[in-house]
Amino acid sequence: MSVNDENDVQTLLKRVKELEETISQQAVQLNEQKKKIESSKPISVDVHCKNMTRTVMVARSDKLEDIQGSIKSAFNLTTMPTLYLGEKQITEEYWASAPLFTSNVPKLIKCEIFSPWDVAGSEESGIDYDKLVTQFGLKHIDHELIERFERLTGMPAHPWLRRGFFYCHRGFDLILDHLEQGNIIYLYTGRGPSSTSLHLGHMIQFMFAKYLQDAFKCVLVIQMSNDEKFIFKKELSIEDVEHMTFENTKDVMACGFDPSRTFIFSDLDYIGAMYRPVLRLLKNTTAHTESKIYGFDGSSPAGFYTWPSIQAAPSFSCSFPHLFGPPYTDTTTGAAIGPCKPWNRKLKRKEEPKKEEEKEEKKAIETKEAAPKEEGGKVQKQKSASSSSSKGKGKGKSNESQWAVQCLIPCAIDQDPYFRMSLDLASSLGFPAPCTLYSRFVPDLSGGATKMSASAQLGASASNSDSASSSSTPSGKAAAAQGTPKTIFMSDTPKSIARAVNSGFSIGADTKKDQAENGAKIKDLKRDAAFSYLEIFDLETPDEELAELGRKYLAGAEGDPDESHLVMSGTIKQRLIKVLCDLAAKHQERRKAITDEQVRAMMRLRPLDIKRLIEEKAKEAQMEKEKECEKKDEAEKETEKKE
Ligand code: TYM
């Protein structure tokens, strides 16, 4: 081999080496690119939420909120859910330390969510109501409080109080203090019209509000939040929610509210009159706070952020100037709107000479009203409206606290976020924070992990052509064709009520023999939809009798050979069907008798008969005093006799 040949070989070998290096570098680069592409590909995970398991495509991301966002849209949720892997909550820190999607793929993610728009507990234990009490700084309603309520109102406790369906409160004891002192209060509750008929869960709230109104003989205001439903429900138009407002008002009125004490208002019509307090609330809250309270995120429509102030405002009496003041002048007509005198916080004040009145006012300013206030997780004493009035100066607050009337809000616990917000904002308005009384939920028929909802999904099986519920919501209409409703509407026919109840989740054994020998399959009455409903809706049967029925259902025949004594799941369901059909039939009859003109009259801006209420209350207080005097006299006579 010549020298030249050898040089050529060397050059070639060098070239080959260079090429090898380039190829291996490119291979590394390609591998990295491939990995990058792989890791950015969305992956499918199974997610369990609202009693359903779905496969959801989620982007692999280091950010927890990206995963929450994918799940939110897959389940059509309004707010971000809390995620769990088994029992472990996926927190930001946990996610940062172990971003699961970059390495191993989790088998099943479970969701819990609790907001005014979405409620879903864990599948196994349902909604943890006790945890909510601690989390929201509430108190359980105990026997002592119920007895005090009975003593003061002279009314027997409603079965829903006795059976613990209305189970917790914030400041209900303060309401009883007011009652004891002869002060007036008002009740506030509401409905967001998203279906043409109310369902059983909504109905409870209005039946209970009627009971409280009778007990307290007070004014009740009912907000029809059609603006809320328009903003939060993509599929609803303004015309839809206006129509639903009218229809729902008829349902509400069928509960028998006294028009001289009840004001039902549609936000779309009434907003101007309460715009002043709404503005004050809007000025004193931030988007950041609302995102934290309600689980909103950057993709939420701006209307989501304005809505909470509109639900919070009626918990301050200044939202009803025509009822409670302060008065204002209507710019278009020049008319004075509102009662002509500052509100009589003490009923007797009206008759007293002016000097006394001033003294009273001064005293009231110094008085501290006891309502718990949540701040940084701690429950603190709530300052009175008047004493807090100096605080929010320069923040758009008013000096209107002299018109303040204490508010009590009965509703289900999902509405608490609004009233926690009211609590925090009360001082900036110079008005007392509202007191609240909360119920549990009527569960959906699938067994307790979520609430009955107007927009509930429908299950499989039977056709639903005769069900009035099928036409109660737009989504219901579409879904009705496919299955059995999980929700019972007040407009439902007996046939559709029976179908819904019969399709509900049951803990009973599959055969008569099994039920007789071993009793119920699952030993937890709370999981049985029909039995849970009986406890809520069977108001006629004594508590002990219902408890005994439940015990027998769990236990089986216990050696009793008489088959007619055996409690099967069918026994419970038949009993419930009768109770619910009666309830719906009576409701439908009362509703039919309500005319459009009566609805309009109930919603008209008008003064209510507050004067009569005050007179009645004063009379009652006088009678109470006389009774006490008589008792004292008798006791004195007795001791004199003994001596
Ligand atoms: P809405 O229309 O969803 O519900 C109306 C009332 O019914 C309660 N509720 C239930 N109670 C028991 N079991 C259930 N399954 C169930 N589902 C709903 C709700 O807690 C509510 O009390 N934003 C409100 C309307 C509103 C309001 C208020 C409610 C406006 N102002 C003041 C209470 C208090 C809403 O959309 O509710």
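Order of appearance sets the numbers: ligands from 1, and atoms from 1 within every ligand.
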Point to revise | Listed once per pair and sorted, the salt bridge (Lys or Arg N to Asp or Glu O under 4.0 Å) pairs that draw on residues 203-212, sequence neighbours left out | key: Lys210-Asp214
**Study point:** Close side-chain approach of Gln598 to Met253, heavy-atom, < 4.5 Å
**Key:** yes
Exercise for review: For Tyr186 and Tyr188, run ring-ring contact (aromatic ring centres under 6.0 Å, His included): C-alpha distance rounded to whole Å, both residues' side-chain angles, the deciding distance at 0.1 Å, then the answer.
Suggested key: CA-CA 7 Å; Tyr186 74 104; Tyr188 160 45; 7.4 Å; no
**Study point:** Heavy-atom check, side chain of Leu132 versus side chain of Tyr438, under 4.5 Å
**Key:** no
Revision key, fill the gap. The ring pair (Phe, Tyr, Trp, His ring centres under 6.0 Å) partners of Phe216 (sequence neighbours excluded) come to Phe149
Exercise for review: List for me each residue that meets side chain to side chain contact (heavy atoms under 4.5 Å, CB included) alongside Pro159, sequence neighbours excluded, and say none if there are none.
Suggested key: Arg162, Arg163, Leu539
**Study point:** Neighbouring residues of ligand 1, heavy-atom cut-off under 4.0 Å
**Key:** Tyr188, Thr189, Gly190, Arg191, Gly192, His199, Gly201, His202, Gln205, Gln223, Ser225, Glu228, Lys229, Gln311, Ile409, Cys411, Ala412, Asp414, Gln415, Phe419, Arg440, Phe441, Val442, Lys451, Met452
